[in-house]
2 protein chains.
Amino acid sequence: MPLFSAKLEYALRSLLYLAQQPPGVPIQSRDIAEAEYIPGPYLDQILAVLKRAGIVRSIRGVGGGYELAKPSAQITVGDIVRAFSGNRSFEPSEALVRDAAETTTIHCIREFQRRASDAIWRLLDSTTIQHLLEQKRLLDQAQSIAPYL
Amino acid sequence: MPLFSAKLEYALRSLLYLAQQPPGVPIQSRDIAEAEYIPGPYLDQILAVLKRAGIVRSIRGVGGGYELAKPSAQITVGDIVRAFSGNRSFEPSEALVRDAAETTTIHCIREFQRRASDAIWRLLDSTTIQHLLEQKRLLDQAQSIAPYL
DNA sequence: TTAATCCTGACTATCCTGATAAGTTATTGT
DNA sequence: ACAATAACTTATCAGGATAGTCAGGATTAA
């Protein structure tokens with residue numbers, strides 16, 4: 001499962017979009033799809049996953065929609081990645097895990113992989129939706145001042 | 001392209017194996033395959049890639065084989081990953097690169113991806129075959145002292 | 001009750017990975 | 001020269017994952 005799949009990017013875009021909305025007003029998946037250019041039915045699947053993971057909350061029926069289930073400062077990119085890949089991205093490929101009988105060669109390679117994996121998770125877990133949103137606001141501001149840069 | 005594919009692990013194992021051999025004596029792909037439990041013909045493909053990337057050198061004909069093309073301290077894991085994935089692992093999925101028209105939302109997500117990607121490359125590029133080999137030697141030593149640990 | 005909305009599952013196309021198979025080319029020993 | 005050896009190349013294939021579509025069912029507000 002690639003580190004940066006379309007699915008993950010769609011999820012991030014959706015959450016960033018939700019984070020910008022006034023609280024208390026549910027946003028329909030259709031609005032998100034249009035605003036962020038995401039294929040509607042595909043987005044539905046993504047939102048379902050985010051809901052199961054407790055990242056968004058949904059309200060059904062007329063006037064329903066989605067909203068963040070917690071403050072954007074408490075949603076990390078790591079949470080989102082985990083929601084999709086069940087916590088085992090970047091692990092050694094399944095095919096190989098069998099011969100875990102393991103020479104020391106294999107062992108030290110796995111150790112290295114673990115270190116790399118940990119480094120990635122640290123980064124993902126230390127970045128929140130709010131962080132990304134702050135970046136976006138800076139960009140928006142810069143663009144409104146010097147639009148052609 | 002997964003960060004830790006079977007291909008990459010096979011490559012690392014092969015190179016670690018080669019790095020342990022006395023210099024000047026070419027090692028046959030068959031020997032590597034047997035020693036490291038790698039499917040023979042598959043290993044051939046991998047070695048071909050490593051050769052094109054200038055990581056190993058080959059000698060054909062009777063008594064031929066493979067050897068490292070440079071000292072193990074000068075071969076980084078990053079070099080090996082690049083050899084396979086043409087330098088663009090961990091980049092955003094192709095499907096999405098089209099809408100590079102790009103809202104600021106997309107822009108700040110890509111920025112984050114770039115930061116993560118850079119962090120991974122720094123790690124990969126700062127680890128050499130020799131580093132891994134040193135780890136392995138420590139493990140071997142520890143095991144010969146306390147074999148059942 | 002009806003319309004809006006979420007929700008679910010099945011289905012498809014396409015690509016990638018891991019692997020096999022078969023044949024070609026180069027080098028060396030006799 | 002020629003046979004043995006080993007590197008090299010190309011084609012092919014199965015399985016799984018990704019990205020996406022589609023049809024319908026469940027829930028709720030008006």
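These values consider heavy atoms only, across backbone and side chains, with no hydrogens, waters or symmetry-generated copies. Remember, predicted model here, so these are calculated numbers, not experimental data. To find a chain, count down the sequence lines: A is the first, B the second, and so on, and within it residues start at 1.
Within the structure, side chain to side chain donor-acceptor pair (under 3.5 Å) pairs that include any residue of residues 34-44 of chain B comprise Ser29(B)-Asp44(B) (at least two apart or interchain). Sorted by first then second residue, the salt bridge (Lys or Arg N to Asp or Glu O under 4.0 Å) pairs that include residues 122-131 of chain B, not counting sequence neighbours, are Arg82(B)-Asp125(B).
Among residues two or more places apart in sequence or in another chain, the side-chain contact (heavy atoms from CB on, under 4.5 Å) test is passed with Arg60(A) by none. Applying the salt bridge (charged side-chain N to carboxylate O under 4.0 Å, His left out) rule to Asp140(B) yields the partners Lys136(B); only residues at least two apart in sequence or on another chain are considered. Residues passing the side-chain contact (heavy atoms from CB on, under 4.5 Å) test with Ala69(A), sequence neighbours excluded: Arg57(A). In this view, Asp31(A) satisfies the salt bridge (charged side-chain N to carboxylate O under 4.0 Å, His left out) rule with no residue, not counting sequence neighbours. Taking the salt bridge (charged side-chain N to carboxylate O under 4.0 Å, His left out) definition, one finds that Glu134(B) meets it with nothing, sequence neighbours left out.
Straight-line distance from the OH atom of Tyr10(A) to the P atom of dA19(D): 8 Å, rounded to whole Å. In this structure, CG of Leu43(B) is placed 14 Å from C1' of dT20(C), rounded to the nearest angstrom. With rounding to whole Å, Asp44(B) atom CG is found 17 Å from dT24(C) atom P. Rounded to whole angstrom, the span from the CG atom of Leu47(B) across to the P atom of dC8(D) amounts to 8 Å. At whole-Å resolution of the value, CG in Leu50(B) and P in dC8(D) are 11 Å apart.
Not one side-chain nitrogen or oxygen of Lys7(B) sits closer than 4.0 Å to the OP1 or OP2 atom of dG18(C). Applying the 4.0 Å criterion to OP1 and OP2 of dA21(C), one finds that Tyr42(B) has every side-chain N and O outside that range. In this structure, Lys51(A) reaches the dC7(C) phosphate: one of its side-chain N or O atoms is under 4.0 Å from OP1 or OP2.
DNA chain C lies under 4.0 Å from at least one heavy atom of each of the following residues of residues 55-68 of chain A: Ser58(A), Ile59(A), Arg60(A), Gly61(A), Val62(A), Gly63(A), Gly64(A), Gly65(A), Tyr66(A). For the contact set between residues 15-35 of chain B and DNA chain C, defined by any heavy atom under 4.0 Å, there are no members.
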All N/O contacts under 3.5 Å from nucleotides 13-15 of chain D to the protein, with atom names and distances to one decimal?
none

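In this model, a side-chain donor or acceptor of Gln45(A) finds a partner on the base of dT21(D) within 3.5 Å.
When all heavy atoms of Phe84(B) and Ile80(B) are compared, the closest pair comes out as CD1-O, 3.2 Å. Between Val49(A) and Ala83(A), the shortest heavy-atom distance links the atoms CG1-O, 3.4 Å.
When each of dC7(C), dG18(C), dC8(D) is scored by its nearest atom to the side-chain atoms of Ser5(B), the top-ranked nucleotide is dG18(C). When the nucleotides dG18(C), dT9(D), dG20(D) are ranked by their closest atom to the side chain of Pro39(A), dG20(D) comes out on top.
In summary, Glu111(A) and Arg115(A) do not engage in a salt bridge, as defined by a charged side-chain N under 4.0 Å from a carboxylate O.
The overall bend of the helix from dT1(C)-dA30(D) to dT30(C)-dA1(D), read as the angle between its terminal helix axes built from five base pairs each, is 0° when rounded to 10 degrees.
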Can Thr104(B) and Gln135(A) be said to form a side chain to side chain contact (heavy atoms under 4.5 Å, CB included), step by step? CA-CA 9 Å; Thr104(B) 53; Gln135(A) 285 302 310; over 6 Å; no
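The closest side-chain heavy-atom distance from Ile129(B) to Leu12(B) is below 4.5 Å. For the pair Ile106(A) and Glu9(B), the minimum side-chain heavy-atom distance is below 4.5 Å.
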Between side-chain atoms of residues 14-27 of chain B and protein atoms elsewhere (two or more places apart, or another chain), which donor-acceptor pairs fall under 3.5 Å?
{"from": "Ser14(B)", "atom 1": "OG", "to": "Tyr10(B)", "atom 2": "O", "distance (Å)": "2.8"}
{"from": "Gln20(B)", "atom 1": "NE2", "to": "Leu16(B)", "atom 2": "O", "distance (Å)": "3.2"}
{"from": "Gln21(B)", "atom 1": "NE2", "to": "Tyr17(B)", "atom 2": "O", "distance (Å)": "3.1"}

